[in-house]
Engineer: 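Quick one: this structure, given as structure tokens, is what I'll be asking you about.
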Amino acid sequence: MKKLAIFASGTGSNAKNIIDKFKFHPSLSVTLVVCNKPGAGVISIAEKAGVPVLLIDKERFMNGDAYISELKKNEVDVIILAGFLWKIPIKLIEAYQNLILNIHPSLLPAHGGKGMYGMNVHKSVIAAGDTKSGITIHIVDELFDNGEHIFQTEIPILKSETPESLASRIHDLEHKYFPDVIENFCT
Ligand code: GRF
């Protein structure tokens with residue numbers, strides 16, 4: 001059985017989708033949710049699903065041991081970032097070399113990098129007059145939104161598109177594809 005930890009600090013709709021998808025999976029299971037924000041929606045989602053939550057502290061994560069001992073104690077094999085905004089420290093990248101995946105709500109390298117998260121991304125896409133957007137799932141390295149792409153898919157920007165409508169359509173794409181990409185990556 002491969003064990004997944006989901007790192008998330010937002011509402012957790014992707015976390016919920018992934019947890020549900022792998023609930024009865026023969027070789028994959030989500031065994032830990034790691035969160036940096038007390039009160040984040042993802043915490044109650046994990047609790048309802050019976051997945052333990054590890055609430056982390058910035059100083060220890062960034063400049064301490066990056067919680068590697070807890071991840072190892074929980075036998076975490078692969079880390080999935082689903083709305084986790086802190087940069088991943090080099091220590092953790094080295095401990096999980098090529099085993100950390102992130103999902104980004106644009107067609108990287110466009111609209112990626114520091115500060116490019118949530119609605120900022122969709123506002124930037126609309127402001128740029130892009131004709132398409134999409135999602136990118138990539139390996140995490142020491143730079144923001146930089147590692148090897150393992151999956152991209154795109155949608156056209158509609159004439160009436162707003163950042164809000166785009167955010168919603170991109171979320172649908174994420175829910176449709178992310179679990180399958182994780183499954184292919186892990187098996
Ligand atoms: C997603 O749009 C993902 O691309 C980004 O953070 C968002 C998380 O959304 N990295 P949710 O909390 O899973 O709804």
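First listed ligand is number 1; within each ligand, the first listed atom is number 1.
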Engineer: Mark up the atoms of ligand 1 that fall under 4.0 Å of a heavy atom belonging to S13, in ascending order.
Structural biologist: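 Selected atoms, number and element: 11 (P), 12 (O), 13 (O), 14 (O).
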Engineer: Counting heavy atoms only, name the option from K16, H122, E174, M116 that's nearest to atom 3 (C) of ligand 1.
Structural biologist: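 Going through K16, H122, E174, M116 one by one, E174 has the nearest heavy atom to atom 3 (C) of ligand 1.
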Engineer: Looking at every non-hydrogen atom in both residues, tell me the closest pair between A95 and I68 and how far apart they are.
Structural biologist: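 For A95 versus I68, the nearest heavy atoms are CB-CD1, 3.8 Å.
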Engineer: Does atom OH of Y117 have more than 12 heavy-atom neighbours, drawn from other residues, nucleotides or ligands, at distances under 6.0 Å?
Structural biologist: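 It does not: Y117 OH has 12 such atoms or fewer within range.
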Engineer: Please report whether the ring centroid of F7 lies less than 6.0 Å from that of Y96.
Structural biologist: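 No, too far apart.
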Engineer: Does the distance from a Lys or Arg side-chain N to an Asp or Glu carboxylate O, for K123 and E164, drop under 4.0 Å?
Structural biologist: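 Looking at K123 and E164, the cut-off is not met.
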Engineer: What is the nearest protein non-hydrogen atom to atom 7 (C) of ligand 1, stated with its residue, atom name and distance?
Structural biologist: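 The answer is G83 CA, 4.1 Å.
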Engineer: For I182 and F22: C-alpha separation, side-chain torsions, deciding distance, then whether side-chain contact (heavy atoms from CB on, under 4.5 Å) applies.
Structural biologist: CA-CA 10 Å; I182 294 168; F22 297 142; 3.8 Å; yes
Engineer: So for G12, does at least one of its heavy atoms come nearer than 4.0 angstrom to any atom of ligand 1?
Structural biologist: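 Yes, that is the case, since the closest heavy atom of the residue is under 4.0 Å from the ligand.
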Engineer: With a 4.0 Å cut-off on heavy atoms, does H171 reach ligand 1?
Structural biologist: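 Contact present.
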Engineer: When you measure from atom 10 (N) of ligand 1 to each heavy atom in L81, I103, V42, I137, which option holds the nearest one?
Structural biologist: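 Considering heavy atoms of L81, I103, V42, I137, the nearest to atom 10 (N) of ligand 1 sits in I103.
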